[in-house]
Amino acid sequence: MSRRQFKIYRCPECGRFSLSSSSRSAKCPYCGTAIHLTSSRIIARFQNAREASEYLKKLKSKSSGFKTF
Ligand SMILES: [Zn+2]
């Protein structure tokens with residue numbers, strides 16, 4: 001079995017956080033930008049999806065008062 005890694009990254013285009021299990025690139029679910037998952041864009045890595053999504057929730061609630069528009 002291959003070990004999947006879940007990564008939380010920040011979109012350089014819209015600045016939102018998202019989650020991907022892909023190893024090299026991801027597509028932002030908010031603005032559709034293709035993002036290369038370089039280490040500078042990855043905020044955190046997890047071995048399971050549940051932990052990753054909980055962390056993502058925390059990130060989102062923290063940044064809810066922060067708008068880039
Ligand atoms: Zn985006």
Side-chain angles (χ1 to χ4, degrees):
M1 270 173 98
S2 63
R3 261 204 313 178
R4 254 206 195 162
Q5 200 174 49
F6 296 88
K7 302 174 186 76
I8 290 172
Y9 62 92
R10 188 171 191 174
C11 174
E13 198 59 37
C14 66
R16 292 194 232 204
F17 297 105
S18 195
L19 176 66
S20 176
S21 60
S22 160
S23 58
R24 288 183 186 193
S25 63
K27 195 174 173 184
C28 177
Y30 303 103
C31 69
T33 302
I35 301 152
H36 287 284
L37 295 174
T38 56
S39 55
S40 61
R41 289 196 180 126
I42 294 167
I43 313 278
R45 297 158 201 257
F46 294 91
Q47 296 303 325
N48 72 70
R50 199 177 56 87
E51 274 180 37
S53 65
E54 275 175 18
Y55 187 88
L56 189 60
K57 254 190 229 166
K58 278 183 203 165
L59 269 181
K60 282 182 177 171
S61 65
K62 253 191 211 169
S63 59
S64 61
F66 178 74
K67 282 176 187 157
T68 49
F69 289 104

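Just so we're clear, the structure is a prediction, and the values are computed from it rather than from any experiment. Values reported hereafter were calculated over all heavy atoms of this structure, with side chains retained and with hydrogens, waters and symmetry mates removed.
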Original post:
Sequence neighbours excluded, which residues qualify as side chain to side chain donor-acceptor pair (under 3.5 Å) partners of S23?
Top reply: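 S23 satisfies side chain to side chain donor-acceptor pair (under 3.5 Å) with no residue once adjacent residues are dropped.
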**OP:** Sequence neighbours left out, what passes side chain to side chain donor-acceptor pair (under 3.5 Å) with S39? Give chain and number order.
**Re:**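 Listed in chain order: nothing, the list is empty.
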Working to the nearest 0.5 Å, report the span between [atom1] of [X] and [atom2] of [Y].
{"X": "I42", "Y": "F6", "atom1": "CD1", "atom2": "CZ", "result": "13.5 Å"}
{"X": "I8", "Y": "I43", "atom1": "CD1", "atom2": "CD1", "result": "8.0 Å"}
{"X": "S21", "Y": "R4", "atom1": "OG", "atom2": "CZ", "result": "4.0 Å"}

So which atom in [X] and which in [Y] form the shortest heavy-atom distance, rounded to 0.1 Å?
{"X": "L19", "Y": "A52", "value": "CD1-CB, 3.5 Å"}
{"X": "K27", "Y": "G32", "value": "CE-O, 3.4 Å"}
{"X": "R10", "Y": "F17", "value": "CD-CE2, 3.7 Å"}

Subject >> side chain to side chain contact (heavy atoms under 4.5 Å, CB included) involving S22 - partner list, sequence neighbours excluded >> reply: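 Expected list: S20.
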Subject >> Test side-chain contact (heavy atoms from CB on, under 4.5 Å) applied to I35 and C11, step by step >> reply: CA-CA 7 Å; I35 301 152; C11 174; 4.0 Å; yes
Original post:
According to the ring pair (Phe, Tyr, Trp, His ring centres under 6.0 Å) rule, which pairs have a member within residues 19-48, sequence neighbours left out?
Top reply: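 Sorted pair list: F46-Y55.
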Subject >> salt bridge (Lys or Arg N to Asp or Glu O under 4.0 Å) contacts in which one or both residues fall within residues 38-55, not counting sequence neighbours >> reply: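 Salt bridge (Lys or Arg N to Asp or Glu O under 4.0 Å) check on residues 38-55 returns R50-E54.
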